[in-house]
Amino acid sequence: MVKSVELNPEKIRHKDIDDAKLQRLVEAALFIADKPLSVQLLKRDFLIEYRVSNLRIRDIINAIQADYKGRGVELNKVASGYRFQTPADLSEDLAHLYKEKAPKYSRAILETLALIAYKQPITRGEIEDIRGVAVSSQIIKTLTERNWIKTVGHKEVPGRPVLYASTQEFLDYFSLTSLDQLPALMPMEDFNH
Amino acid sequence: MVKSVELNPEKIRHKDIDDAKLQRLVEAALFIADKPLSVQLLKRDFLIEYRVSNLRIRDIINAIQADYKGRGVELNKVASGYRFQTPADLSEDLAHLYKEKAPKYSRAILETLALIAYKQPITRGEIEDIRGVAVSSQIIKTLTERNWIKTVGHKEVPGRPVLYASTQEFLDYFSLTSLDQLPALMPMEDFNH
Amino acid sequence: MSDPSAKAAIVTPQDSNPTKGVMLQQVLPFALLRGEAIAEKPQDLFIPPDALEIILEMFEGPLDLLLYLIRKQKFDILDLPIAPITTQYMTYVDLMKDIKLELAAEYLVMASILAEIKSRLLLPKQAVEEEEGDPRAELVRKLQEYEVIKNAAENIDQLPRIDRDSFIASVELAENFVPEIVNTQVDLAELVTALQGVIKRTQAYEHHHIQKESLSTRERMAKILATLKDADKAQPYYNFSDLFTIKEGKQGVVVTFLAVLELIKESLITCIQTQVYGEIRVSLPKS
């Protein structure tokens with residue numbers, strides 16, 4: 001039952017607590033708190049009835065930290081106190097739980113991708129010439145991270161711009177076995193010239 | 001940099017994982033999940049890249065349960081899976097901080113809930129018949145919003161009234177694994193006349 | 001009507017078990033009725049000495065009230081003394097009406113059921129039993145059934161609860177955690193639409209066609225460049241003949257050849273022949 005602990009002054013810091021119980025209580029508090037807990041907060045919110053020194057709480061926290069070394073969670077000190085966190089090396093495996101939808105691709109991205117697919121190998125400058133607007137680095141980055149485009153060399157013109165081409169993943173994604181399976185476009189300017 | 005982790009079919013269940021790493025991963029997953037995790041969910045959401053059997057996951061869970069015996073939190077099995085929660089003997093020390101979080105439920109709500117839990121599937125009319133009073137829509141709404149009851153069909157009688165049953169969340173909330181863990185009903189004496 | 005002194009003795013609504021009503025001493029009025037204190041307890045009536053309206057509001061309905069009366073006076077539920085129970089029940093119902101408590105219709109229905117059972121019990125015993133057995137049977141069954149549920153509800157209330165008896169542990173994710181990004185889905189048609197958009201904007205409707213051959217050539221161009229790029233580190237050139245795959249047949253050879261020509265034309269590769277009729281070395285242009 002929930003005790004409404006309108007703690008009267010006599011009940012504050014009057015009880016003794018052994019190390020084992022103190023460790024369990026601190027561990028539980030750290031796990032159920034929705035924010036990092038400092039020694040002061042632990043003492044005020046979870047241990048108000050007990051006679052414990054800050055030093056003892058700190059020792060207990062050290063003991064818990066040692067206990068959780070190399071496990072699935074670890075006790076870390078952050079600016080406002082201590083909190084349990086997953087270790088950094090598990091992040092990649094845990095990523096599967098939280099899925100975020102990437103934003104829909106803009107027209108600029110789709111046009112760039114289409115030009116690279118149909119006119120490869122092609123430089124950024126050539127894409128910009130055709131589209132009539134600058135191609136942002138973010139677009140190239142997005143398509144590169146998606147593994148849909150890659151660089152295949154440099155064009156031997158002043159500045160030696162990078163040449164882009166589509167990748168095998170690009171073909172796989174669209175279930176194509178080769179580029180000539182891309183839908184033929186009807187009236188089409190020859191962009192090369 | 002945001003890494004896009006696009007799982008292509010080849011990446012599913014292709015990696016081996018040793019027991020130590022598996023235990024760390026399952027432990028972390030259970031702590032960060034916002035609901036109890038079943039073996040199936042663990043496998044589907046967290047261990048998708050690994051080749052692991054249900055039996056092995058179950059063994060790992062048992063090992064974690066043993067590890068946490070007598071500590072500040074324990075790994076409990078509830079209806080929809082496993083979750084870490086504080087042991088009963090610490091509740092008094094922890095409760096005063098959270099007392100306002102636990103709502104109190106009226107007798108009308110508890111009796112309606114009891115009827116649905118013990119006599120499911122049951123119609124509103126049948127509940128009213130046993131309780132001898134009308135069941136307000138507010139009661140059904142409260143129980144539905146808490147995800148404790150759900151409709152499971154219609155009774156094939158005139159008016160086709162909705163049939164209610166209890167949910168896994170109901171069992172989870174009361175830390176039960178199945179309906180047969182509900183307290184036994186008091187025996188009814190025979191009216192022998 | 002409600003006297004503050006009576007209110008003081010009220011059982012709080014949270015303390016919802018009416019059986020907790022304590023029998024008070026005669027000093028206090030046992031109830032307030034029409035503003036008058038009733039100091040004496042009627043002979044065969046048990047009414048808790050606490051403020052009536054609050055107590056009455058606590059009943060979950062007629063069955064709950066009846067059960068309360070039965071249990072309080074230790075009546076045998078299986079041998080229900082209908083006459084006194086009816087009298088007491090009616091007193092309560094009258095009290096509820098008197099204090100203008102909103103009386104659920106169910107209470108009046110129950111009152112008529114009780115009256116009916118009572119009247120049937122007054123009939124010669126034999127006649128009744130031959131017809132349909134004990135007239136109390138149905139009521140007793142209902143009371144028992146309700147009591148089972150009332151008890152079950154009390155048990156559920158005692159079960160350990162999250163945030164009351166147990167708290168769920170949770171931990172934060174590591175700082176380097178990044179959620180899995182579900183990539184945007186793109187349709188091939190979107191790609192075509194995008195390209196057609198570009199074409200329209202260029203406003204150059206010279207009726208050129210992208211032909212399958214030229215696409216194949218451009219694909220091969222990209223492939224050759226990629227091959228040469230990989231080769232660049234280990235060996236600065238590729239033999240011209242190594243660019244061809246015999247298995248592709250005549251068409252493949254033609255495509256590769258066209259690709260090489262186009263690459264030379266666009267200065268994307270250089271070809272060097274070190275001796276007459278010797279192997280042609282193809283490489284990326286030196287910067």
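Small disclaimer: the values here were computed from a predicted structure and weren't measured. Chain letters run A, B, ... following the sequence lines, proteins first, then strands; residues in each count from 1.
Residues B:T86 and A:F31 have side chains not in contact (no heavy-atom distance under 4.5 Å, counting atoms from C-beta outward).
Atom CG of B:D93 and atom CD1 of A:I17 lie 6.5 Å apart (nearest 0.5 Å). Rounded to the nearest 0.5 Å, atoms CG (A:D89) and CG (B:L25) are 9.5 Å apart. Separation of atoms CG (B:L94) and CG (A:D45) is listed at 11.0 Å; rounding is to 0.5 Å.
When all heavy atoms of B:G72 and A:A28 are compared, the pair lying nearest together is O-CB, 3.2 Å. Of all heavy-atom pairs spanning B:R71 and A:R24, the tightest one is O-NE, 3.2 Å.
Counting non-hydrogen atoms of other residues, nucleotides and ligands closer than 6.0 Å to CZ of A:R51 gives a total above 12. Other residues, nucleotides and ligands contribute only 12 or fewer heavy atoms inside 6.0 Å of the NZ atom of A:K104. When the shell of 6.0 Å around NZ of A:K15 is examined, it contains more than 12 heavy atoms from other residues, nucleotides or ligands. Atom NZ of B:K155 has 12 or fewer heavy atoms from other residues, nucleotides or ligands within 6.0 Å.
Neither the backbone nor the side chain of A:D172 comes within contact range of chain B, judged by heavy atoms closer than 4.5 Å. Within the 4.5 angstrom heavy-atom criterion, no atom of A:F84 approaches chain B.
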